[in-house]
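Predicted, not measured: the structure shown is a model, and the values here were computed from it. Numbers restart at 1 for each chain; the letters A, B, ... are given by sequence-line order, proteins then strands.
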Protein chains: 2
Amino acid sequence: MDKPFKNERLTYKLNIVAQQAITANDAIFFQETGCHIRDLRVLRLIDDTPGTTFAEIAKITGFERSLTSRILQNLIGSRLITRENSTEDARVFLLFTTGKGKEVRQVARRLSDRLEVILTDPLSSQELRALNEILERLGNWVTSEDYSQALDREVNKASG
Amino acid sequence: MDKPFKNERLTYKLNIVAQQAITANDAIFFQETGCHIRDLRVLRLIDDTPGTTFAEIAKITGFERSLTSRILQNLIGSRLITRENSTEDARVFLLFTTGKGKEVRQVARRLSDRLEVILTDPLSSQELRALNEILERLGNWVTSEDYSQALDREVNKASG
DNA sequence: TCATTTAGTTGCAATTTGAGATTATCTGGT
DNA sequence: ACCAGATAATCTCAAATTGCAACTAAATGA
């Protein structure tokens with residue numbers, strides 16, 4: 001009858017839910033597609049913008065260049081994407097999904113739909129909408145410059 | 001004008017918000033108290049249940065025993081908690097917060113309050129209540145046996 | 001043509017963490 | 001009383017992850 005949390009903080013609750021959901025989902029994605037969520041995200045980006053580049057991917061995802069490089073190497077090794085030299089700049093290469101890559105992307109998409117249904121099972125459709133809306137707003141907030149500044153002010157106030 | 005996410009999945013949104021909030025908060029907690037969130041959680045547990053044991057902490061937090069051991073060593077090293085041998089079983093030791101530990105806990109508590117105010121700045125009080133309620137429910141769900149089983153069924157259906 | 005900048009890769013080292021061995025202690029059966 | 005497990009907690013070691021910085025290759029521009 002233990003609740004996982006009682007009066008806990010919002011961040012704590014967020015963390016529990018995010019952590020549990022992601023860990024469980026990631027294992028399933030890996031089992032069903034051979035890819036981890038992070039790789040699938042890159043695959044999706046490439047599939048949505050064929051001919052995108054290494055630098056674009058690194059910029060959009062925010063991953064380190066070395067990490068980006070390794071993820072792309074994995075995807076290429078699994079024959080999910082191909083690289084083609086740019087005709088304009090031989091340092092640059094363009095990324096495309098293979099047929100297999102497109103298939104995996106679809107499998108992942110459908111799986112993701114089903115997993116999200118399971119995750120949100122205890123919520124009414126109204127609650128689900130509300131949650132999406134609120135998280136959207138919070139997501140914008142926590143990634144904003146204003147948020148960092150608000151935190152900075154708080155810290156300076158405390159120690160100053 | 002880039003939104004951090006558009007049509008993204010719930011888990012993705014959750015992850016962004018949780019990750020950003022936790023990373024930012026953890027740095028501030030460390031700066032202001034010398035402890036990371038994880039350590040503070042253990043400190044809080046001990047302060048709330050004086051005389052609790054290693055095994056209890058490991059069970060409640062779900063941390064590995066080796067990790068739990070290291071966290072306790074840190075807290076002892078920082079003089080925030082003390083260990084006392086159990087009179088009943090010499091293998092067991094009982095944990096207590098020191099005066100300094102209680103102080104740090106209070107500092108952390110107040111800081112946590114303020115950080116949560118900042119985090120939820122863009123939400124109305126009604127939305128905040130709704131979010132808390134929904135996350136509570138989701139937290140219970142994702143840590144339940146039923147959730148794992150629902151995922152198992154989904155996977156078996158897919159591959160079977 | 002040479003110096004500088006840019007694209008992407010790779011080697012290396014720091015960090016984190018978990019599994020399993022290890023030590024110390026307890027409990028129960030004979 | 002003694003021995004054979006069980007149990008509490010620690011510690012060692014090895015695997016995985018990741019970032020930094022050095023590196024190669026190609027472009028740019030003076």
Residue pairs, two or more places apart or on separate chains, that pass side chain to side chain donor-acceptor pair (under 3.5 Å) and touch residues 72-87 of chain B: B/S69-B/Q73

Could you tell me the separation between the [atom1] atom of [X] and the [atom2] atom of [N], rounded to a whole number of Å?
X     : N      : atom1 : atom2 : result
A/I57 : C/dT9  : CD1   : P     : 12 Å
B/N85 : D/dA8  : CG    : P     : 16 Å
B/F63 : D/dA8  : CZ    : P     : 19 Å
B/E64 : C/dG20 : CD    : C1'   : 11 Å
A/D26 : D/dT17 : CG    : C1'   : 14 Å
A/E56 : C/dG8  : CD    : P     : 10 Å
B/I71 : C/dG18 : CD1   : P     : 10 Å
A/K59 : C/dG8  : NZ    : C1'   : 17 Å

Using a 3.5 Å distance criterion without hydrogens, assess whether the side chain of [X] forms a donor-acceptor pair with backbone atoms of [Y].
X      : Y      : value
B/E127 : B/S124 : yes
A/E116 : B/L10  : yes
B/R137 : A/P122 : yes
A/T98  : A/L80  : yes
B/T143 : B/N140 : yes
B/W141 : A/T120 : no

Compare the minimum distances between each of D/dT18, C/dG18, D/dT10 and the side chain of A/L67, then state the nucleotide with the smallest one. D/dT18

The nucleotide from D/dT18, D/dT10, D/dA8 with an atom nearest the side chain of A/R38 is D/dT18

Determine whether more than 12 heavy atoms belonging to other residues, nucleotides or ligands lie under 6.0 Å from atom CD of A/E88. no

Does NZ in A/K102 sit with more than 12 non-hydrogen atoms of other residues, nucleotides or ligands closer than 6.0 Å? yes

Please enumerate all residues that pass salt bridge (Lys or Arg N to Asp or Glu O under 4.0 Å) together with A/R105, with sequence neighbours excluded. A/D47, A/D48

Would you say A/Q73 reaches C/dG8's phosphate, i.e. side-chain N/O to OP1/OP2 under 4.0 Å? no

Looking at B/R65, does any N or O in its side chain come under 4.0 Å of the phosphate oxygens OP1/OP2 on C/dT17? no

List, with names and distances, any nitrogen or oxygen atoms from the protein found under 3.5 Å away from nitrogen or oxygen atoms belonging to nucleotides 24-30 of chain D.
| from | atom 1 | to | atom 2 | distance (Å) |
| --- | --- | --- | --- | --- |
| D/dA27 | OP1 | A/A90 | N | 2.8 |

Atom pairs, N/O to N/O, protein against nucleotides 11-14 of chain C, distance under 3.5 Å?
| from | atom 1 | to | atom 2 | distance (Å) |
| --- | --- | --- | --- | --- |
| C/dG11 | O6 | A/R70 | NH2 | 2.6 |

Can you name the residues that form a side-chain hydrogen bond (donor to acceptor under 3.5 Å, both in side chains) with B/R129, not counting sequence neighbours? none

Which value, rounded to the nearest 0.5 Å, describes the distance between B/H36 atom NE2 and B/D39 atom CG? 6.5 Å

Rounded to 10°, tell me the angle between the two end axes of the helix from C/dT1-D/dA30 to C/dT30-D/dA1, each built from five pairs. 10°

